Amino acid sequence: MTNETFIKYFYILAFSGETRSKPFITAFFFLIYVVGVLINSSIITVICLEVQLHKPMYLFICNLSIVDMFYTSVTVPKLLHMLLSGNHIVSSAQCYTQLYFFFTVATAEEILLFIMAYDRYVAICDPLHYHRILSYRNCSLITIGIWTVAFVNSVMFVTSILNMSSCHSNIIHQFFCDPKSLTKTICRTSQLFIVVNVIEFLMLAFIPLMCTFISYFQIFSVISKMKTKERRKKSFSTCSSHITIITIYYGAGVIGYLIPPYSEVLDVIFNTIYTNIIPMINPIIYSLQNSNIQSALLRLVREMCFLEKVSR
């Protein structure tokens, strides 16, 4: 027999015992958050203002920056509030709301990485039909579709968890309400939870990843048949940043699932990298290596400096 209840409060205790290290932990997360938001918001602003960057690839880069900015915004502000106030109690409503938005941006990123791979596939393997396939209308519909699927999927996942009773401790040894920690408080999984997880794994993880592999297999096949070394180098350079991001994203995901359930410290380190470090370095890897975005950022900085001088 198990004592099944509905937990009203959770205790987020990842850094609650680190009294001496709290100032350093607070400064560390604050710095990462500020840098990540500044870089991603700068890229979003530049892409929106520069007419030359109103192209499919840059639309998807803009969405990636939005996802990365939301990744840290979902977790870090609440963590900073807990570290500064000392109050590590979170209501179930706050916890599941945080889980909902975290799962939304995670789903959006998984789909977006696949769409970005498809964008490179069309650009290299079918360049003559690129503007027809990835027209402004189609890209807008794809973007709306990505976020719609992300929000709907998150509703299904959170609903499946809410329908299950809890009988274990309400202590979460993490710095936010992550899915892995919340499932540890559940007595037994429901059929709805299992079905939702299977559908999500197949539709939003396995199939997009396989399609990404197939896309890059075709891309490398086309690149290898190019006659000149310059063309091969130029074509590969447009894909290298995306390949790096995919490797980091899915590599970190695999490592996260391989961490033993009793390794709470490793879980905290992994989640810090996954939800804070990666969203900060994504725009550096993908966007800031792009010469068009670099020149647009420089122009924006010059215009701001010029306007500041004029105002004086």
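Predicted model, so just to flag it, every value in this text is computed and none were measured.
Contact detail for Arg232 and Lys227: the closest heavy-atom pair is NH1-O, 3.5 Å. Across every non-hydrogen atom of Ser91 and Tyr9, the tightest pair is CA-CD2, 3.9 Å. Closest approach of Ile219 to Arg120, counting heavy atoms only: CD1-C, 3.8 Å. Considering all non-hydrogen atoms of both residues, Cys177 and Leu99 come closest at O-CD1, 3.8 Å. Taking every heavy atom of both residues into account, Val222 and Cys125 meet most closely at CG2-SG, 3.6 Å.
Under a cut-off of 6.0 angstrom, the local environment of CZ in Phe30 is sparse, with at most 12 non-hydrogen atoms contributed by other residues, nucleotides or ligands.
Among residue pairs with one or both ends in residues 46-55, those qualifying as salt bridge (Lys or Arg N to Asp or Glu O under 4.0 Å) are Glu50-Arg299; sequence neighbours excluded. Sequence neighbours left out, the pairs with a member in residues 138-149 that pass side-chain hydrogen bond (donor to acceptor under 3.5 Å, both in side chains) are Asn63-Trp147, Ser135-Asn138.
Using cut-offs of 30° and 60° on the angle between ring planes, the pair Phe236 and Phe220 is tilted. By the 30° and 60° cut-offs, the orientation of the rings of Phe29 relative to Phe175 is tilted.
Aromatic rings of Tyr274 and Tyr249 (six-membered ring for Trp) have centroids within the 6.0 Å cut-off, being under it.
Residue Pro283 forms a side chain to side chain contact (heavy atoms under 4.5 Å, CB included) with just one option from Ile61, Ile43, Leu64, and that option is Ile43.
Residues Tyr130 and Asp119 have side chains that bring a donor and an acceptor to within less than 3.5 angstrom of each other.
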Distance-only check: which donor-acceptor pairs under 3.5 Å involve side-chain atoms of residues 106-117, not counting sequence neighbours?
unit_1: Thr107; atom_1: OG1; unit_2: Phe103; atom_2: O; d: 2.8
unit_1: Thr107; atom_1: OG1; unit_2: Asn153; atom_2: ND2; d: 3.0
unit_1: Glu109; atom_1: OE2; unit_2: Asn282; atom_2: ND2; d: 3.4

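Taken together, the cysteine pair Cys48 and Cys62 keeps its SG atoms at least 2.5 Å away from each other.
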